[in-house]
Chemist: 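Shown below is the structure under consideration.
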There are 2 protein chains.
Amino acid sequence: MPAGFNTADMKKLDEIVATRRRVKQGDMLFSNGDVFTSLYAIRTGFFKTCVSTEDGREQVTGFQMAGEIIGLDGIVTDHHSCNAVALEDAEVCIMPFANVEDLSREFPLLQRHVHKIMSREIVRENSVMMLLGNMRAEERLAAFLLNLVQRLHARGFSQSELTLRMSREEIGSYLGMKLETVSRAFSKFSDEGIIEVKQRYVRILNADALKKIFNPETCN
Amino acid sequence: MPAGFNTADMKKLDEIVATRRRVKQGDMLFSNGDVFTSLYAIRTGFFKTCVSTEDGREQVTGFQMAGEIIGLDGIVTDHHSCNAVALEDAEVCIMPFANVEDLSREFPLLQRHVHKIMSREIVRENSVMMLLGNMRAEERLAAFLLNLVQRLHARGFSQSELTLRMSREEIGSYLGMKLETVSRAFSKFSDEGIIEVKQRYVRILNADALKKIFNPETCN
DNA sequence: ATGGCTCTTTGATGCAAATCAAACGATAAT
DNA sequence: ATTATCGTTTGATTTGCATCAAAGAGCCAT
């Protein structure tokens with residue numbers, strides 16, 4: 001929540017975040033076709049969102065962690081168009097969207113906040129399109145790791161160590177590559193001494209090298 | 001604009017759409033780094049939006065036509081993160097975002113409308129991610145053509161004929177493939193009698209066949 | 001018309017990633 | 001402990017698309 005509210009305001013704002021829901025690992029918070037009523041703010045845990053075709057192909061559209069908002073896809077049609085799956089036991093705040101809209105009209109700061117969240121998601125997806133459309137396998141994985149660790153660092157975790165919450169297959173689905181290719185890219189980075197990998201544990205030994213792979217120009 | 005307003009309201013709402021701007025073919029409406037002040041509603045003409053990396057790779061993130069809104073990317077940072085280029089002479093309504101937000105607080109219907117526009121963009125990008133991550137070249141082109149013609153049809157144009165406003169290279173950039181591959185896919189469809197192509201003119205002869213290519217399951 | 005653009009098509013070749021396949025490691029169940 | 005299961009790694013092979021290359025088509029300016 002953004003700053004700049006007095007205590008009376010805060011009380012009102014707290015209401016939209018009043019009810020919570022626990023989601024067990026592997027369970028869906030919502031799924032394609034569900035009626036949309038609420039946005040969800042992740043309190044703890046880790047989610048993936050994915051869309052799928054009738055013939056069973058699945059595309060992971062994002063990985064979300066504490067503090068991030070999911071469910072925005074449901075606004076346009078009043079129905080969700082993707083699945084949100086907990087990759088570990090999680091807890092979310094349920095924010096009934098009608099309340100969000102009501103309070104947004106009352107509090108310009110909240111309104112602005114909501115708009116920024118949606119815009120941020122649009123911009124994020126733009127850069128995923130760049131990833132999928134223009135980058136090679138290793139560039140994609142480098143970008144993915146840097147993005148993950150940066151978001152974790154912003155939450156107080158290490159900027160060089162992380163434990164992946166998702167499988168190689170899920171990473172591959174997000175990055176538009178097969179699990180074997182993901183695995184090979186991990187091994188390559190490991191061989192080159194850029195990272196240390198042990199299953200889902202990853203330590204970044206040479207962040208600059210990763211950045212250089214992701215974008216050869218920026219870091220000389 | 002959504003229905004359901006009285007004339008007094010409409011007058012106010014008209015204000016946010018009061019000023020217009022012409023954009024010549026090839027010119028940019030806004031570009032990466034520009035300060036964000038306004039959304040733009042396309043009145044006439046055709047745009048592409050694209051992001052690019054420092055090393056010059058470009059990804060077209062969308063093609064927009066009359067009635068569609070561009071500029072949403074700028075909200076989150078107050079600066080645009082992509083370029084909007086007119087693919088033909090165009091005219092847009094400038095909608096200062098501060099006004100949009102002010103009036104959204106006053107008119108719930110407008111507020112809802114703005115939210116839906118942003119959500120629609122998120123959902124669209126989700127399906128582009130599916131396209132880029134999971135589909136083969138011909139599936140992508142089939143999906144692209146079907147999407148384009150559907151949007152044109154919704155605007156009163158033919159559901160079987162269209163004139164492309166973008167080059168093979170731009171189509172390729174959007175779909176994550178090279179211009180030669182785009183050209184080959186066009187030729188293949190043409191050889192199979194699914195479409196008729198003459199440069200940028202395309203006539204869809206067998207929409208069902210296109211749908212089947214896009215999604216083998218749905219149409220038996 | 002003519003030459004000089006740009007865009008498009010088509011062919012030949014190369015390569016990055018997919019696919020196929022098998023072994024390995026970690027975890028959970030008996 | 002032993003087996004089964006799932007996720008991961010690694011190797012061999014195939015393939016779809018990229019790349020390289022050149023010719024053709026449309027368009028503009030002179």
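What you see is a predicted model, and the numbers here were worked out from it, not measured in a lab.
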Chemist: How many Å lie between CG on B/Asp191 and P on C/dT9, as a whole number?
Modeler: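 From B/Asp191 CG to C/dT9 P: 11 Å.
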
Chemist: Which part of the nucleic acid, if any, lies within reach of B/Gly176 when heavy atoms closer than 4.0 Å are counted: base, sugar-phosphate only, or nothing?
Modeler: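 Result for B/Gly176 = sugar-phosphate.
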
Chemist: Calculate the interatomic distance between B/Gln25 atom CD and D/dC27 atom P; express it in whole Å.
Modeler: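 Nearest whole value for this atom pair: 13 Å.
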
Chemist: Side chain of B/Arg136 only, heavy atoms from C-beta on: which candidate in D/dC17, C/dA17, C/dT9 is closest?
Modeler: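 Among the listed nucleotides, the one closest to the side chain of B/Arg136 is D/dC17.
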
Chemist: Can you find a donor-acceptor pair, distance only, under 3.5 Å between B/Arg184 side chain and C/dG11 base?
Modeler: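 Flag set: donor-acceptor pair detected.
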
Chemist: Compare the minimum distances between each of D/dT8, C/dT9, D/dT10 and the side chain of A/Ser187, then state the nucleotide with the smallest one.
Modeler: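 Minimum distance to the A/Ser187 side chain belongs to D/dT10.
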
Chemist: Need to verify one output field. Residue with the more 5' nearest nucleotide on DNA chain C, A/Thr181 or A/Lys198?
Modeler: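 Its nucleotide being nearer the 5' end, the pick is A/Thr181.
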
Chemist: Within this structure, what is the CG-to-C1' distance between A/Leu179 and C/dA21, rounded to whole angstrom?
Modeler: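 Nearest whole value for this atom pair: 13 Å.
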
Chemist: Is the backbone of A/Ser81 close enough, under 3.5 Å, to the side chain of A/Asp73 for a donor and an acceptor to pair up by distance?
Modeler: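 Checked: pair present.
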
Chemist: The side chain of B/Ser167 lies closest to which of these nucleotides: D/dC17, C/dT8, D/dG7?
Modeler: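 For B/Ser167, the side-chain atoms sit closest to C/dT8.
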
Chemist: With a non-hydrogen cut-off below 4.0 angstrom, is B/Ser183 in contact with a base, only sugar-phosphate, or nothing?
Modeler: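 Base contact - B/Ser183 has a heavy atom under 4.0 Å of at least one base atom.
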
Chemist: Do A/Arg200 and D/dT9 share a donor-acceptor pair, side chain to base, under 3.5 Å?
Modeler: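 No, the side chain and the base share no sub-3.5 Å donor-acceptor pair.
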
Chemist: B/Lys178 has an atom NZ; how far is it from atom C1' of D/dC17, in whole Å?
Modeler: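 Result: 11 Å.
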
Chemist: Could you go through residues 151-159 of chain B and list every donor-acceptor pair under 3.5 Å that involves a side-chain atom there, pairing it with any protein atom two or more places apart or in another chain?
Modeler:
from     : atom 1 : to       : atom 2 : distance (Å)
B/Arg151 : NE     : B/Glu68  : OE2    : 3.2
B/Arg151 : NH1    : B/Asn147 : OD1    : 2.9
B/Arg151 : NH2    : B/Phe63  : O      : 2.5
B/Arg151 : NH2    : B/Glu68  : OE1    : 2.9
B/Arg151 : NH2    : B/Glu68  : OE2    : 3.4
B/His153 : ND1    : B/Phe157 : O      : 3.1
B/Arg155 : NE     : B/Ala66  : O      : 2.6
B/Arg155 : NH1    : B/Arg151 : O      : 2.9
B/Arg155 : NH2    : B/Ala66  : O      : 3.0
B/Ser158 : OG     : B/Ser160 : N      : 2.9
B/Ser158 : OG     : B/Ser160 : OG     : 3.3
B/Ser158 : OG     : B/Glu161 : N      : 3.0

Chemist: Could you tell me the separation between the CE atom of A/Met177 and the P atom of D/dT8, rounded to a whole number of Å?
Modeler: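 Checked: the CE to P distance equals 13 Å.
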
Chemist: Is the ring pair A/Phe30/A/His80 parallel, tilted or perpendicular, if the boundaries are 30 and 60 degrees?
Modeler: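 The rings of A/Phe30 and A/His80 lie parallel, inter-plane angle below 30°.
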
Chemist: Using only atom types and a distance under 3.5 Å, with no angle test, would you say the side chain of A/Arg43 pairs donor to acceptor with the backbone of A/Val92?
Modeler: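 Not confirmed, A/Arg43 side chain does not pair with A/Val92 backbone.
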
Chemist: Once you round it to whole Å, what is the distance between C1' of D/dG7 and CG of A/Leu164?
Modeler: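 Distance check: A/Leu164 CG to D/dG7 C1' gives 13 Å.
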
Chemist: In whole angstrom, what separates B/Glu169's CD from D/dT19's C1'?
Modeler: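 These atoms are roughly 14 Å apart.
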
Chemist: From the options B/Arg57, B/Glu58, B/Gln59, select the one residue that forms a side chain to side chain donor-acceptor pair (under 3.5 Å) with A/Asn134.
Modeler: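 The side chain to side chain donor-acceptor pair (under 3.5 Å) with A/Asn134 is passed solely by B/Gln59 among B/Arg57, B/Glu58, B/Gln59.
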
Chemist: Is a donor-acceptor pair below 3.5 Å formed from side chain A/Glu180 to base C/dC20, judging by atom type as modelled?
Modeler: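 Under the 3.5 Å cut-off, the side chain and the base do form a donor-acceptor pair.
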
Chemist: Between C1' on D/dG24 and CZ on B/Arg168, what's the gap in Å once rounded to a whole number?
Modeler: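 It is 14 Å, rounded to the nearest whole Å.
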
